[in-house]
Every structure is written in C-alpha cells, then in structure tokens.
Protein chains: 2
Amino acid sequence: MPFHFNYSIMTNNQANCLFCNNKSVCFKELTGDELARITENKVEISYKKDETIIKQHGFASNIYFIKKGLVKIYLENTDRNLIIEIGGEGKVLGLTSLNHTKHYMFSATAIENVVLCEISMDVINEIMQTNQYFNRQVISTLNTTIEKILKKLYCISHKHLNGRLAEALLCFADDIYKSHKFTLGISRKDLSDITNMATENVVRLLKEFNEKKYIKLTGKNIEILNYSALKQLSR
Amino acid sequence: MPFHFNYSIMTNNQANCLFCNNKSVCFKELTGDELARITENKVEISYKKDETIIKQHGFASNIYFIKKGLVKIYLENTDRNLIIEIGGEGKVLGLTSLNHTKHYMFSATAIENVVLCEISMDVINEIMQTNQYFNRQVISTLNTTIEKILKKLYCISHKHLNGRLAEALLCFADDIYKSHKFTLGISRKDLSDITNMATENVVRLLKEFNEKKYIKLTGKNIEILNYSALKQLSR
DNA sequence: TATAAACATTGATATATATCAGCAAATTTA
DNA sequence: TAAATTTGCTGATATATATCAATGTTTATA
C-alpha cells in the first residue's frame, strides 16, 4: 500500500476564537483584533483520562482553558499529593504564574476525557499590556482562587476526617457534578489526596456514611441521601 | 484652665504620596495625577499592638499599605484562629477583595506598633481603570499571596508538629526579623495558631528544641543556634 | 500594693488518625 | 483465558496529637 501522508494529524484545530460560544469570562470583552491574536496562538487539544496537562515546576509557557471534562489540580510530592481543586468547564489553568514566576505552581491531570484550549502565555502577556478589562478579570479569577484555597486550608486545619469527607462529597454534588447522584471519576486514593487522610479512612468513612444512610454507595456510584446530615458534619 | 481645641487630632496626615520614598511596588510607576488622587484619598494611621486593622467579613472599603511594624493576618473562627501570614513593611492588605467580593476575606491585627497608609478602595478601582502597570503589579502581588498560601497548605497538611514549628521559626529568622536572634512579638497561643497545633505542644517543642540546642530560648527571646537542624526538621 | 486575670508550663491521659498486614475484587496485561 | 497488577476493603495495632488538670509566672487592674 502506498504511503499517504495524513495531513489531518498535522493540522491544529484553529477555529476562530471570535466565534467561540464557550469563552472564559476573561475573554468575553476582548476586541476582534485581540481574539484574532489568540486564534493565531492557540490550539484546541483533547486529553484522555489520566493524561498530564500541567506539570508542577515546569515552564509556564501556556495557559489552559477547560472547555469540557474534569481535571485534578494538585501539589506534587515524593510521598504524597494534595489535590487543591477539581476543575471543570470554564476553569483556566496557569494564571497563577502571570507576572510572578516562569514555572507552574502545581500539576494538573485529566480525570476524564478533557477538551481544552491551550493559549500561548506570550499572547496573554501581550493582551495584558493593552486590555484593562482582561486584567481585571484575571484579578477577579485569582481572588476566586485565593478564596478557594483559604477554604481548603481552613477545612484541612480545623475539621476532622468525617467533616472533611462530608465537605468533599457535598462539593462533588453541588459544584462538580451538580447532582445528588453521580459517578466518581476518581479513585479512593484521589479522595484521600483531596481530604488529606489515609485511603483506608476514606473507605471506612464512606462505609460508615452508607450504613448511616447519609449516602447510597455502590462502588464509584454515590447518591446523597441525607444532605443536611452531611452539611452538619462538614461544620 | 480654658478649653483649647486641639486641631492636630482633627487633621489627618496628608503627606503627598508623590514624595513618599516608601511606596509599595504597586505604586512605583503611577503618574503624578494618579498619586495626587491617592494623596486626596489616603490617611496615614498608627496602630498600637493588639489593635484590629481589618475585620474578616467586614466591608472592604480600603486597602492598607504597611509602612512600619508587623501585623498578623488570620482566619477567624468561633473556637480557633488560623494565622495565614505575619506581614511587615511593604505588605498590602485588602487586594484580595478587588473585583471579587465586597468583604474582607480575613482579619488583621497589629502585633507591634504599626504605621500604615489607608487608601480608599474607590481610588484603587479608579486607577485600575487607567493604569495597566498597576494592574499587573496587583496580579503579581496576588500570585505571591497564592504561592504563600499554597506553601502553608502544604506545610499544615504534610508536616508533623516539629516540622511545622521549625518552619515557623525559620520564617521568623529569615523573612520577618531577618536575624538569627529575635524577640517574638507574639504569644505561644499565636504560635499555635500559626502552626495549627495545641499551645501545650508549642511549649513542649520549644523546650525540646532548646534542650537539643537547636535554639536558645529565654521567654520570648529566641536565637537560632542550629539552623540546618531546623531546616532538616522542616522537610 | 494586693488581687485578679491572662499566659506559660508540666505531666497524665484520651482520642484521632496513620500504618501495617492480609485478603478480595476489579482491572490490565500477556 | 490466565496471570499479574492495581485498587478496594477489613481488622489490629502503633503513633501523633489534643485534651485535661494542676501549678507557676507574668501582666493588668482595683
């Protein structure tokens, strides 16, 4: 069979950002020119579950706008990871390196199939020089991040195991899957990295919540049965 | 004795910001006009030890630029506080509310006599509309904050008591007092709110460090004797 | 100055949580 | 399909850390 070069795998998805209906709030009020500059310097990429998107300490060359799917954002360590946040549609990764460090502060991995736009940091820096609206959106986004991390810090430092796990489950139901019934895309180990406890304790506590009918647990399928009991525990 | 009205207590310190040699990096490249606007909308104030500067959940009406002295920045709670950072000269408080929330995210209290400039949030918002340099400095400052909080989160979630206390002592020596010999301006209770441990454990560990000759401890006077041992512990 | 209040210290004890070891179940690889 | 690897589960045990109670010490108050 003669060799036919497959052009499609060499061609980046270069849909014009101007016509994208799925823009991050940061990009909502960019001018046509600015969006054109972004179009020239972005690629849309798909990641499969478990693929690494950002590596902590690596050069912060791009930012990533999640269009579809979930990612775990975490601090890496030789012995143990700490998951800071599960990010979904609309989450922008990499802004925390802007005007601060050449490296990423954390790692990010797809926990299900993900579609995102990778945008060159250079063009972001360029737009920051000219568009105040963009800067203010970045500030707003960073402050949202700070609030989330402070909440996490508070949770881990002030709450016991059951409160931390209850809070994580409510976060899945309310913010991530937006339903009282969901299928966890992550392992018990990941849950332990979110709640900062031993995996065995995640297992034991999930079992306990199940026995007390706070949740209905079937492997990775979880249904919240007693929302207010979990809410109470998380205090 | 006839009553003489003391005008001085009614007159704010309105030194012109243009001639201030002590400007935050955020304010370094403002135009003369912008500095004039700030001059009109700022007051220099002194706080005594233990006075509250910012109250968590209060309206974020001003930002505070610390010119002199140390403050503790902390999350409040009915049972227990968590000190996020000890801030000194050059620290700006309140930026984390910009474009995000009308309220302060944390409380701040003077731990020694403090001189600061209180600047109206309105004029800060005004300058953010016109000066990109200012915006970028704010972004830089926020990202520094994020990195610090992440370090704290990591410390509290991954390290044991001795590591957490060692890290706190090194922070005092390296970043806050910038000397291996210093007099702590805070109580053992505050140290426990920094390291997230029981006050009794702070006392016991300080004693242990003293016995092992890692530090020389005399009440609130601390001298670092074995820097590398503490550094090792903090890992 | 006397008294009260807050802070610091110490040892004993209780509790929360991690670790270990062994096994079952599920998933991947050969 | 079988073997190997990972993931989930369970109970027993060890450990880190908090709590409690009592006492000394400093600082604030009457």
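Chain naming here is simple, since letters A, B, ... match the order of the sequence lines and numbering starts at 1 in each. Because the structure is a prediction, the values reported are computed rather than measured.
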If you look at every heavy atom in B:K49 and B:N113, which pair is closest and at what distance? N-OD1, 3.2 Å
When every non-hydrogen atom of A:T199 is compared with those of A:S192, the smallest separation belongs to OG1-OG, 3.5 Å
Mind grabbing the angle between the end helix axes of the helix from C:dT1-D:dA30 to C:dA30-D:dT1? Five pairs an end, 10° rounding. 50°
Round to a whole Å and report the spacing from [atom1] of [X] to [atom2] of [N].
X	N	atom1	atom2	result
B:L205	D:dT17	CG	C1'	10 Å
B:N201	C:dA14	CG	P	17 Å
B:D190	C:dA6	CG	P	15 Å
B:K49	C:dA6	NZ	P	16 Å

Does the pair [X]/[Y] count as a salt bridge with the N-to-O cut at 4.0 Å?
X	Y	value
A:D193	A:K189	yes
A:K68	A:E89	no
B:E112	B:K48	no

Could you walk me through whether A:Q232 and A:N226 satisfy the side-chain contact (heavy atoms from CB on, under 4.5 Å) test, starting with their C-alpha distance in whole Å, then the side-chain angles of each, then the deciding distance to 0.1 Å, before giving a yes or no? CA-CA 10 Å; A:Q232 189 57 37; A:N226 192 339; over 6 Å; no
Enclosure of B:K151 NZ (heavy-atom neighbours >12, cutoff 6.0 Å): no
Residues, nucleotides or ligands: over 12 heavy atoms within 6.0 Å of A:K216 NZ: no
Any donor and acceptor pair, going by atom type alone, linking the side chain of B:Q56 with main-chain N or O of B:E76 inside 3.5 Å? yes
Between [X] and [Y], is any side-chain donor less than 3.5 angstrom from a side-chain acceptor?
X	Y	answer
B:H180	B:E223	no
B:N162	B:Y214	no
B:N221	B:T183	yes

Atom pairs, protein N/O to nucleotides 28-30 of chain D N/O, distance under 3.5 Å:
none

Protein N or O to nucleotides 26-29 of chain C N or O, pairs below 3.5 Å:
none

Sorted by first residue and then second, give each ring pair (Phe, Tyr, Trp, His ring centres under 6.0 Å) pair with at least one member in residues 48-93 of chain B; sequence neighbours left out. B:F59-B:H103
Using nucleotides 6-11 of chain D, report all nitrogen or oxygen pairs with the protein that are shorter than 3.5 Å.
unit_1: D:dG8; atom_1: OP1; unit_2: A:R188; atom_2: N; d: 3.4
unit_1: D:dG8; atom_1: OP2; unit_2: A:R188; atom_2: N; d: 3.1
unit_1: D:dC9; atom_1: OP2; unit_2: A:R188; atom_2: NE; d: 2.9
unit_1: D:dC9; atom_1: OP2; unit_2: A:R188; atom_2: NH2; d: 3.3
unit_1: D:dG11; atom_1: N7; unit_2: A:R204; atom_2: NH1; d: 3.1

Side chains of B:L205 and B:T195: does their closest heavy-atom pair fall under 4.5 Å? no
Measure the shortest side-chain to side-chain distance between A:K207 and A:L217 over non-hydrogen atoms and say whether it is less than 4.5 angstrom. no
Expected list for residues 152-167 of chain B near DNA chain D, using heavy atoms below 4.0 Å, is B:H160, B:L161
